[in-house]
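Worksheet: one structure, shown below.
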Amino acid sequence: MKIGFVGSANTTINCRPDKSFRLASYTKKKALEIIESNLTCIQKTIEFCIRNHFYFYRIADFIPFFSHSISISWVQIEEIFSELFLDIGKRIRNNDMRISMHPGQYTILNSPKEGVLNNSIKELEANVWILDKLKLDHTAKVQIHVGGIYGNKEEATLRFIKNFQRLPEFMKNRIVIENDDRLFDFKDCTALSKELNIPVVFDVFHHTIKNNNESTLESLNILGYLWDNKDGIPMVDWSYQEVDARMGKNANTIDLMLFKKFITEISDEDFDLMLEIRDKEKSALQAAKLLRTLGRL
DNA sequence: AGTTGTCAAGCTAGT
DNA sequence: ACTAGCTTGACAACT
């Protein structure tokens, strides 16, 4: 099992890999400065990961407005930052690290609106492009949710199938779907996985909020069959409810007792674990320490 | 100098 | 019909 954390890590590592700015103030100069700063931070973060035995990492938005028409061309970005891309890719590959990406709530493959769909495809293409430029194999994934319901879940599902099938192979090979906490749960994702032959990222926390009475352990069992060899072992996102907060809000910092309970429960399952705790690498360091004392890392 | 509202994008659910 | 919330900092626009 590899464990890891998401994107920004400003407290321990002292930099942010996802700096941005406002669209209204977009200039080529500003964009280039930010991209360089973000890439340099990712480089440092990858080094931090290797030092601390985090071999799973989620890259966050590091090229502002990358899929927007205002953006500097991808080819130009590749040329200007080729050394950084090369170096980061090499560090990841040489240490057998695994990378995931997770575009946000605006990336919706089943939207009935053509504009929304086109923007989503563009965004996915941009994410896939990044993993390709880092020369990562197909165990590196871009995870998205299925999307909206639009008043008819069956049609919404069929639209996802249709739109996914139209994507080019190089994108299909990278995309995985994740169960969400309100609309498309693990059962829905499993059905889509079989139909489209794409893997599912299992989000433990979302599953506790929306499920069909399958336990986490049962789900992890099924999950194992949804990943082909070429895609690697399953990816699992782990978090839990922040106390006294809106339902579905990720915890601010890790509760090691809860984490230990989870790890003990799932003892035989093989997967890579992404910690979605809001203080990122701080909690991840504690989790790693615990896993080592348990002999699991 | 400090405080507050806004930011590319969509959707759902609650008022 | 309208909007909070999804992540969260940076910056612009104010007092």
Side-chain angles (χ1 to χ4, degrees), chain A residues 5-11 13-27 29-31 33-38 41-42 45 57-72 74 100-127 142-157 159-160 163 177-185 188 201 203 205-206 209-210 237 239-242 244-253 274-284:
Chain A
F5 57 92
V6 177
S8 69
N10 50 340
T11 50
I13 302 165
N14 205 26
C15 67
R16 292 197 63 94
D18 58 353
K19 279 193 182 161
S20 190
F21 52 88
R22 310 252 276 247
L23 178 61
S25 58
Y26 193 102
T27 61
K29 184 167 174 284
K30 188 178 255 179
E33 280 167 12
I34 294 283
I35 296 167
E36 180 166 14
S37 159
N38 287 342
C41 183
I42 289 173
T45 308
Y57 178 62
R58 186 179 300 162
I59 295 179
D61 279 338
F62 66 91
I63 306 177
F65 311 105
F66 196 37
S67 69
H68 190 284
S69 57
I70 201 170
S71 178
I72 311 166
W74 297 1
S100 68
M101 300 185 79
H102 190 4
Q105 73 251 47
Y106 305 108
T107 304
I108 303 158
L109 260 191
N110 76 344
S111 174
K113 296 179 194 165
E114 202 188 339
V116 175
L117 175 63
N118 288 338
N119 289 345
S120 299
I121 293 172
K122 186 87 179 161
E123 177 68 19
L124 284 168
E125 196 185 345
N127 278 258
V142 177
Q143 66 190 78
I144 53 169
H145 294 293
V146 179
I149 297 277
Y150 311 94
N152 186 331
K153 192 165 178 179
E154 205 177 321
E155 279 178 24
T157 304
R159 213 160 37 239
F160 184 92
N163 291 338
I177 47 174
E178 176 195 344
N179 58 306
D180 69 76
D181 57 356
R182 294 176 306 148
L183 310 173
F184 291 91
D185 57 32
D188 299 321
V201 175
D203 187 305
F205 180 31
H206 291 162
I209 298 172
K210 188 176 190 313
D237 288 350
S239 185
Y240 60 90
Q241 177 67 40
E242 171 70 16
D244 291 334
R246 171 200 60 82
M247 174 60 83
K249 191 180 169 96
N250 287 356
N252 288 327
T253 188
M274 180 56 64
L275 298 168
E276 291 189 326
I277 309 290
R278 294 159 75 89
D279 65 2
K280 326 274 180 187
E281 86 289 353
K282 276 167 101 181
S283 284

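Naming convention: chains lettered A, B, ... in sequence-line order (proteins, then strands); numbering from 1 in each chain.
Annotation: ring pair (Phe, Tyr, Trp, His ring centres under 6.0 Å) contacts of Y240(A) (sequence neighbours excluded): W238(A). With sequence neighbours left out, E125(A) forms a salt bridge (Lys or Arg N to Asp or Glu O under 4.0 Å) with no residue at all. Partners of H145(A) according to the ring pair (Phe, Tyr, Trp, His ring centres under 6.0 Å) rule, which considers only residues two or more places apart in sequence or in another chain, are H102(A), H206(A). A search for ring pair (Phe, Tyr, Trp, His ring centres under 6.0 Å) contacts involving F205(A) returns nothing, not counting sequence neighbours.
Straight-line distance from the CD1 atom of I70(A) to the P atom of dA8(B): 9 Å, rounded to whole Å. Per the geometry, CD1 belonging to I34(A) stands 19 Å off P belonging to dC7(B), to the nearest Å. Rounding to whole angstrom units, CZ of residue F21(A) and P of dA8(B) are separated by 10 Å. In this structure, NE2 of H206(A) is placed 13 Å from C1' of dG5(C), rounded to the nearest angstrom. The nearest whole Å value for the distance from the CD1 atom in I59(A) to the P atom in dT7(C) is 20 Å. Distance CZ (R58(A)) to C1' (dT7(C)): 12 Å, rounded to an integer number of Å. Rounded to whole Å, atom P of dT8(C) lies 5 Å from atom NZ of K280(A). One interatomic measurement links the two molecules: NZ of K30(A) to C1' of dC7(B), which rounds to 12 Å at whole-angstrom precision.
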For DNA chain B, the expected dot-bracket line (Watson-Crick or G-U under 3.5 Å, [ ] crossing, | inter-strand) is |||||||..||||||
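One P atom belongs to dA8(B), the other to dA12(C), and the distance between them is 12 Å to the nearest Å. Comparing the same atom, P, in dA4(C) and in dC7(B) gives a spacing of 13 Å after rounding to whole Å. Annotation: dT3(C) and dT6(B) have their P atoms spaced 11 Å apart (nearest Å).
Note that R159(A) lies in the cation-pi zone of Y150(A), set by a 6.0 Å cut-off to the ring centre and a 45° limit from the axis. Figure legend: cation-pi geometry between K153(A) and F184(A), with NZ or CZ positioned under 6.0 Å from the six-membered ring centre and within 45° of its axis.
Note on D237(A) versus R58(A): salt bridge recorded, some NZ/NE/NH1/NH2 to OD/OE distance being below 4.0 Å. A salt bridge does not link R182(A) to D180(A): none of the charged side-chain nitrogens sits closer than 4.0 Å to a carboxylate oxygen. Using a cutoff of 4.0 Å between basic side-chain nitrogens and carboxylate oxygens, K210(A) and D181(A) are not scored as salt-bridged.
Put simply, the side chain of R22(A) and the base of dT6(B) share a donor and an acceptor less than 3.5 Å apart.
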Readout for nucleotides 9-15 of chain B: B = base within 4.0 Å of protein heavy atom, S = sugar-phosphate only, - = neither; 5' to 3' it is BBSSS--
